[in-house]
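All values below were derived from every heavy atom in this structure, side-chain atoms included, with hydrogens, water molecules and symmetry-related copies excluded. Both counts, for ligands and for their atoms, begin at 1 and track the order of listing.
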Amino acid sequence: MTPKKQRGQLIVLSGPSGVGKSTVIAELLSDRPDIFFSVSFTTRQPRVGEADGVNYRFVSKDIFQDMIARDEFLEYACYVDNFYGTSLKVIEEQLDAGIDVLLEIDVQGAAKVREKCPDALLIFISPPSFEELSRRLRGRHTDDETVIKERLQQALEECRQIPKYDFLVVNDKVSHAVEEILAILTAESCRTKYRMNVMEGV
Ligand code: 5GP
């Protein structure tokens with residue numbers, strides 16, 4: 001029998017806009033429905049097909065500022081003129097219940113999580129190449145050219161933070177990227193520090 005960890009694992013997934021994080025996460029969660037996906041708060045406008053409470057909790061800048069003032073975020077960041085943040089209360093409840101929590105956040109947020117939760121597992125998803133990222137961003141037809149340029153510039157800066165992550169997964173093919181993440185999660189759960197209760201019976 002696999003021994004149960006006491007507290008859930010905090011998993012952080014970052015990667016440039018357009019790298020395919022949402023697709024990878026959807027497939028990952030269908031394989032691992034036991035993982036809780038943290039729905040972030042954002043001040044950005046919903047894109048076509050996005051729903052409040054599913055992709056994000058869409059809020060105004062005023063509400064977001066109030067939440068900052070009340071210290072309600074584990075972390076938050078400003079990304080291309082919009083705020084994004086992770087609710088502290090929601091994820092604490094899950095982790096305390098022994099449930100693994102997945103955050104899809106940018107590199108600034110990941111750095112803050114690393115500071116506050118040193119045991120968090122940080123995974124970076126990169127595109128196979130910068131040209132491919134540029135092609136994918138233009139292909140989804142959700143942002144205008146100025147925003148795309150900003151996002152590409154941001155992507156270059158984000159990729160410089162890769163050495164701060166525990167693992168790097170290249171999203172050349174979604175099924176392959178998901179396979180690698182599943183392998184990372186399995187290896188992580190086998191760490192001795194999470195399995196000390198096995199020794200109790202020895
Ligand atoms: P998008 O607007 O493309 O959905 O997201 C833009 C960036 O914000 C992505 O890099 C995404 O990972 C990041 N992001 C989404 N939610 C959060 C969050 O709660 N905190 C932080 N720091 N970044 C987030």
Side-chain angles (χ1 to χ4, degrees), residues 10-26 28-29 35-61 63-68 70-92 94-95 101-117 120-127 130 133-134 136-162 164-165 167-169 171 177 181:
L10 187 55
I11 307 152
V12 171
L13 221 65
S14 304
S17 186
V19 77
K21 286 174 303 226
S22 310
T23 317
V24 168
I25 288 173
L28 175 67
L29 294 180
I35 296 177
F36 176 86
F37 177 70
S38 160
V39 177
S40 298
F41 285 79
T42 184
T43 60
R44 127 158 125 58
Q45 291 300 308
R47 295 194 186 112
V48 176
E50 286 184 333
D52 187 42
V54 178
N55 308 88
Y56 283 105
R57 303 290 310 275
F58 295 98
V59 294
S60 66
K61 283 205 166 124
I63 291 182
F64 201 97
Q65 294 292 354
D66 287 347
M67 293 179 73
I68 295 175
R70 289 196 299 267
D71 229 0
E72 289 183 20
F73 291 118
L74 166 69
E75 63 71 37
Y76 67 90
C78 184
Y79 183 97
V80 192
D81 295 334
N82 284 302
F83 284 103
Y84 297 82
T86 306
S87 162
L88 178 60
K89 182 166 170 279
V90 174
I91 69 155
E92 281 290 317
Q94 301 296 325
L95 293 173
V101 173
L102 176 63
L103 309 183
E104 192 252 280
I105 60 177
D106 80 328
V107 294
Q108 310 167 68
K112 286 183 207 153
V113 171
R114 175 67 98 204
E115 254 173 61
K116 290 188 180 172
C117 318
L121 179 64
L122 269 56
I123 305 172
F124 193 94
I125 305 190
S126 86
F130 195 69
L133 182 67
S134 163
R136 287 183 196 174
L137 271 177
R138 293 200 164 86
R140 68 183 187 185
H141 305 296
T142 53
D143 297 304
D144 65 32
E145 193 53 32
T146 320
V147 173
I148 290 174
K149 289 219 168 87
E150 279 176 332
R151 282 176 184 259
L152 285 171
Q153 182 56 37
Q154 190 86 20
L156 276 179
E157 276 155 37
E158 283 168 331
C159 287
R160 293 198 186 102
Q161 305 302 316
I162 290 175
K164 295 186 181 160
Y165 283 72
F167 293 96
L168 173 63
V169 168
N171 186 20
I181 296 172

### Message
Before we go on, tell me: are the rings of Tyr76 and Phe41 under 6.0 Å apart, centre to centre?
### Response
no
### Query
Does any donor atom in the side chain of Glu157 or Gln153 lie under 3.5 Å from an acceptor atom in the other side chain?
yes
### Query
Mind checking what makes salt bridge (Lys or Arg N to Asp or Glu O under 4.0 Å) contact with Glu115, not counting sequence neighbours?
none
### Test log, rule side-chain contact (heavy atoms from CB on, under 4.5 Å), inputs Val107 and Phe124
CA-CA 9 Å; Val107 294; Phe124 193 94; 3.9 Å; yes
### Task
Evaluate the side-chain proximity of Leu168 to Ser126: yes if any heavy-atom separation is below 4.5 Å, no if none is.
yes
### Task
Write down, by chain and number, every protein residue that brings a non-hydrogen atom to less than 4.0 Å from an atom of ligand 1.
Gly15, Ser17, Lys21, Ser40, Arg44, Arg47, Tyr56, Glu75, Ala77, Tyr79, Tyr84, Gly85, Thr86, Glu104, Ile105, Asp106, Gly109, Arg151
### Query
Which residue, Glu72, Gln65, Arg70, forms the side chain to side chain contact (heavy atoms under 4.5 Å, CB included) with Ile68?
Gln65
